[in-house]
4 protein chains.
Amino acid sequence: MSRETVGMIFEAAVKVFAERGFDRAKMDDIAREAGVAKGTIYYHFTSKDELFTALMNHGLQKMKEYVRRRMDEVKQPTLKLRGLLEAEVSYLFQHGTFAKLLLAEVWSSNERQYEFRAHIHELESIIREVLEVGIQEGDFREINATETSIAIFGAMSVTVLQEVFRDIHLSGEELANTRTTPVVDMLEMLLHQGILKN
Amino acid sequence: MSRETVGMIFEAAVKVFAERGFDRAKMDDIAREAGVAKGTIYYHFTSKDELFTALMNHGLQKMKEYVRRRMDEVKQPTLKLRGLLEAEVSYLFQHGTFAKLLLAEVWSSNERQYEFRAHIHELESIIREVLEVGIQEGDFREINATETSIAIFGAMSVTVLQEVFRDIHLSGEELANTRTTPVVDMLEMLLHQGILKN
Amino acid sequence: MSRETVGMIFEAAVKVFAERGFDRAKMDDIAREAGVAKGTIYYHFTSKDELFTALMNHGLQKMKEYVRRRMDEVKQPTLKLRGLLEAEVSYLFQHGTFAKLLLAEVWSSNERQYEFRAHIHELESIIREVLEVGIQEGDFREINATETSIAIFGAMSVTVLQEVFRDIHLSGEELANTRTTPVVDMLEMLLHQGILKN
Amino acid sequence: MSRETVGMIFEAAVKVFAERGFDRAKMDDIAREAGVAKGTIYYHFTSKDELFTALMNHGLQKMKEYVRRRMDEVKQPTLKLRGLLEAEVSYLFQHGTFAKLLLAEVWSSNERQYEFRAHIHELESIIREVLEVGIQEGDFREINATETSIAIFGAMSVTVLQEVFRDIHLSGEELANTRTTPVVDMLEMLLHQGILKN
DNA sequence: AATGAATGAGGTTTCATTCAT
DNA sequence: CATGAATGAAACCTCATTCAT
């Protein structure tokens, strides 16, 4: 039941890593949470580091797929941008534990993070591509797509995290259902019209 | 020379904490970097945790003072907002190591972070206050000041971090001098007019 | 194909044990080297210890047989002694990995070694018997046969080991072919006439 | 009390390593035997490996000094050789635990042993030098000094080890007092005159 | 005020062995 | 006969903290 076991470990690891962060997470806790012996984790993963990396790569991959799928449903740049935001916000709400890891560990400096930031870069690229198409098609102004995409990613992710921490008692499902639309509305309004009155 | 010693420890601690993150930073390294014995750190600080908290509080206090000072120079909301952004961006660029800590450790979940997030909250509040005044005075639209201020903080901080990591070889001074204006311009344009063309 | 499998395991085990020593040798490595699953080893041997013991007993048995066979070809004590030395030296050269194990593990103190040292004792006894006959027949002086046989065994085995380690790149075959005669000549001269000039 | 502590650890380590061999020796046992906390060992030595290496280097250094001192008392080659044998045999008897380590660990293959065999080489060199002088001065026959010195070292060390294991209940002091002379006599006779009768 | 040797709880990793298939 | 996933006891090592000087 390899498939099964690795799955249990993955789930447990996401939970424990998100609760405690990489360094404070204990392999013991992950093993207990997964309902397997500690040695079993090491049978499937070389080290704590490898487990973490595998985990994040998996999560980011899933997130990217989810986002791309949702975005392909529409073509018009402004709608595409909203779809993108909706997808990312809702995904992060649903996987709040993963979201915490994402922002907490990207900036912690060690070798592992190099590969890690590359993934984040891809998420930003998705935003950038939408912006570029929008600029080309005349929907968006002549902004710097690269820098703007980073700013949008920051605005979105920090906002989501803030809510996750505020409503710590809500499930990911509940958060996603009730908070996605307001947050996306806010971001969209900000991005579309800015804050100036006239 | 208590003043002297505490100062050395502070400087060393900022550096080591920023390089390694809280958990991977060793008291031994801080002591070596500061040129004092390990016991000396414990003579001045109760624990690693207290040292870290003192450090961050100090840094955030300084940042808040710096920001408030710069903001008080102007009254008009849009100018005030630009002054605010300029101040924060330039401060974070100049203290890149501190900036890393700021974003890396806010999200790592443990008791210490309660107090910590409260400080971040204050930074967001500064933004929020500007927004609220602007709304009241009719300069800004009727946006949700609280949520928007968080989004702005996210956009600003993640953008800065991205640049700090990209141009890792540049000194804080250099980064602040060359990158502050472009980044603030980008953010201001985004916030003022949004990205839509007409 | 039990015969086949056990053979593969034996060969792999000699190699891995000799390369790493008993404690550093991993059942995993032996299994991989043998091209079988780890469980298979345990189907044929109760434990790592048993595998090792079986291995050494087998090797020592083979060595003793080889030595006795070569010795029985001659009767005269001095010739017998040379035949004995030639046989042991050539056997150890040819099975350098086994030779390493022999000297490395005899002295490592644990229960298993009781049985093990008994085997070594037998090798020394072969030498002792030759000496005793030689003394009785008036060919050798009235030396202490027991102690002298041990000294001879030590001189022989350490010399061989030294050469095995020195010319680590040579095959057992090559070593046996080129180095046996010189080494035996040296030992024989030492034993026959000693080092004093007149 | 650094001097003191390191000394306690050294003594405990020699004992435990010799009783169990490198791999089976537990840092826990060494700590308990030394009467210090496990961490204390790591405060003074980087790793188990380093502790072991430091230990062996120290022991070999002491042995070499002891041997050289004893040898310098006489000038005539045959007397020098006897002095040398007496010194080595008596040293190994007195430090039986060290002797076990010496022969058990030299042959166990890993990086650390490279440096280790170099030390053994020096011990052999002392013998070789005596042989060379003896040959030059016409006391010894034209033997191969290098190979012969190795054989002598093997004969001597294996004989000593054998006795150490046989009379395991005797103290090093007792062994040295009662067995040194017989063993050296045997070796000397073997080396001087060989075993042939006429 | 400052030191640094000593501590020990706690964490990661290893690996011989088992057992259901 | 053979497999290999799973186990868990045990080992090495780390490091925040203490305390006598």
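Naming: A, B, ... by sequence-line order, numbering from 1 per chain.
For the salt bridge (charged side-chain N to carboxylate O under 4.0 Å, His left out) test, no residue two or more places apart in sequence or in another chain qualifies with K48(D). Qualifying ring-ring contact (aromatic ring centres under 6.0 Å, His included) partners for H58(C), counting only residues two or more places apart in sequence or in other chains: F10(C). For E11(C), the side chain to side chain donor-acceptor pair (under 3.5 Å) criterion is met by no residue, not counting sequence neighbours. Scored by the side chain to side chain donor-acceptor pair (under 3.5 Å) test, N57(A) finds E115(A), H119(A) as partners (sequence neighbours excluded). Shown here are the salt bridge (charged side-chain N to carboxylate O under 4.0 Å, His left out) partners of E122(B), two or more places apart in sequence or in another chain: K64(B). In this structure, the side chain to side chain donor-acceptor pair (under 3.5 Å) partners of E50(D), at least two apart in sequence or on a different chain, are T46(D). Scored by the salt bridge (charged side-chain N to carboxylate O under 4.0 Å, His left out) test, K15(B) finds E33(B) as partners (sequence neighbours excluded). For the side chain to side chain contact (heavy atoms under 4.5 Å, CB included) test, residues two or more places apart in sequence or in another chain that qualify with A99(A) are L92(A), L161(A).
Geometrically, K100(A) does not engage F17(A) in a cation-pi contact defined by less than 6.0 Å to the ring centre and at most 45° from the axis.
In this structure, E4(C) atom CD and dA2(F) atom P are separated by 10 Å, rounded to whole Å. Here the C1' atom of nucleotide dG11(E) and the CD1 atom of I41(A) are 13 Å apart, to the nearest Å. We find that NE2 of H44(A) is positioned 10 Å from C1' of dG4(F), with the value rounded to whole Å. Remark: P of dA2(F) and CE of M8(C) are 12 Å apart, rounded to the nearest angstrom.
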5' to 3', nucleotides 12-19 of chain E under a 4.0 Å protein heavy-atom cut-off (B base, S sugar-phosphate only, - none) gives BBBSSBB-

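Among pairs with a residue in residues 34-43 of chain C, those fulfilling side chain to side chain donor-acceptor pair (under 3.5 Å) read D28(C)-K38(C), at least two apart in sequence or across chains.
The shortest non-hydrogen separation linking A31(A) to A37(A) is CB-C, 4.1 Å.
Using a 4.0 Å cut-off, no side-chain N or O of T40(B) falls inside it from OP1 or OP2 of dA1(E).
Remark: nothing in residues 30-37 of chain D comes within less than 4.0 Å of DNA chain F through any heavy atom.
Base pairing in DNA chain F yields stems of at least 3 consecutive Watson-Crick or G-U pairs, both distances under 3.5 Å, namely E:2-21 with F:2-21.
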